[in-house]
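The structure presented is a predicted model; accordingly, all values stated were derived computationally and were not measured. In what follows, residues are counted from 1 in the order of the sequence shown. Both ligands and their constituent atoms are indexed starting at 1 by order of listing.
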Amino acid sequence: MSLRPILLHPDPRLKAVAKPVTVFDDALRRLAHDMLDTMYDAPGIGLAAPQVGVLSRMIVMDCVKEEGETPRPMVLVNPEVVWTSEEKAPYEEGCLSIPEHFAEVTRPREVEVVWTDLDGQAHQGRFDGLWAVCVQHEIDHLDGTLFIDYLGPIKRGVITRKMEKLKRDLAREKPAPKGREAERL
Ligand code: K1U
Ligand code: ZN
């Protein structure tokens, strides 16, 4: 298993519509386990494949937050919302691709989702509470939608400009190549 770098907004791969998974092989299993490791390491409660640069419709989640509680890792391949409650609920969302920024987003309080597991077996389930918020946030990633897309253009612009600056600063901080690598440049 290995940790994969998480893409930071703005990045065109975070705005793309991901492709359905059609092949259930070892590479898919490896990606799912890497995504779970990357999510727990961040730490986060969810992660979508496009956030690690893979434009495939797969998400991972574990919304068990209490220490001492048994973790509940979930892998959802080709997830689709098939029912949403009339009732909506606000939640202060964050995103591992937009670190340090949070904003209230209002979404359906409950959703019914269909998906397949890593063996291609079909599942259906109802999500509520934080699980409902997270599954909707992650499925949005598969359609190139970020939580800041629900904000007004001014707030979204402020966050995007701050993220552009963060990315410029991080690029400048990169250690200079040493030894042979430097000689080749
Ligand atoms: O998709 C992502 O970027 C992951 C994101 C999921 C999410 C958070 C909040 C509302 C909806 C979806 C995160 O995990 S951000 C980090 C976070 O919320 C968290 C981290 C540690 C403990 C508890 C929460
Ligand atoms: Zn996110």
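Taking the Zn ion (ligand 2) as reference, His141 places its N/O/S atom NE2 nearest.
The residues Lys15 and Asp143 are annotated as not salt-bridged, no charged nitrogen and carboxylate oxygen being separated by less than 4.0 angstrom. With salt bridges taken as basic N to acidic carboxylate O contacts below 4.0 Å, none links Asp34 and Arg29. The pair Arg109-Glu86 does not meet the salt-bridge criterion, since no charged nitrogen lies less than 4.0 angstrom from a carboxylate oxygen.
Residues Phe127 and Trp115 place their aromatic rings such that the two centres sit under 6.0 Å apart.
Taking the Zn ion (ligand 2) as the corner point, the angle from His137 atom NE2 to Cys95 atom SG is about 120° (rounded to 10 degrees).
Judged by the 6.0 Å distance and 45° axis criteria, Arg72 is positioned over the aromatic ring of Trp131.
Considering only residues two or more places apart in sequence or on other chains, Asp41 meets the side chain to side chain donor-acceptor pair (under 3.5 Å) condition with none of them.
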What are the atom names and distances for all N or O pairs under 3.5 Å between ligand 1 and the protein?
from	atom 1	to	atom 2	distance (Å)
ligand 1	1 (O)	Gln51	OE1	3.3
ligand 1	1 (O)	His137	NE2	3.2
ligand 1	1 (O)	Glu138	OE1	3.1
ligand 1	1 (O)	Glu138	OE2	2.6
ligand 1	1 (O)	His141	NE2	3.4
ligand 1	3 (O)	Gln51	NE2	2.9
ligand 1	3 (O)	Leu96	N	2.7
ligand 1	14 (O)	Ile45	N	2.7

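One distance of note links CD of Gln51 with CG of Leu7; it measures 8.0 Å at 0.5 Å rounding.
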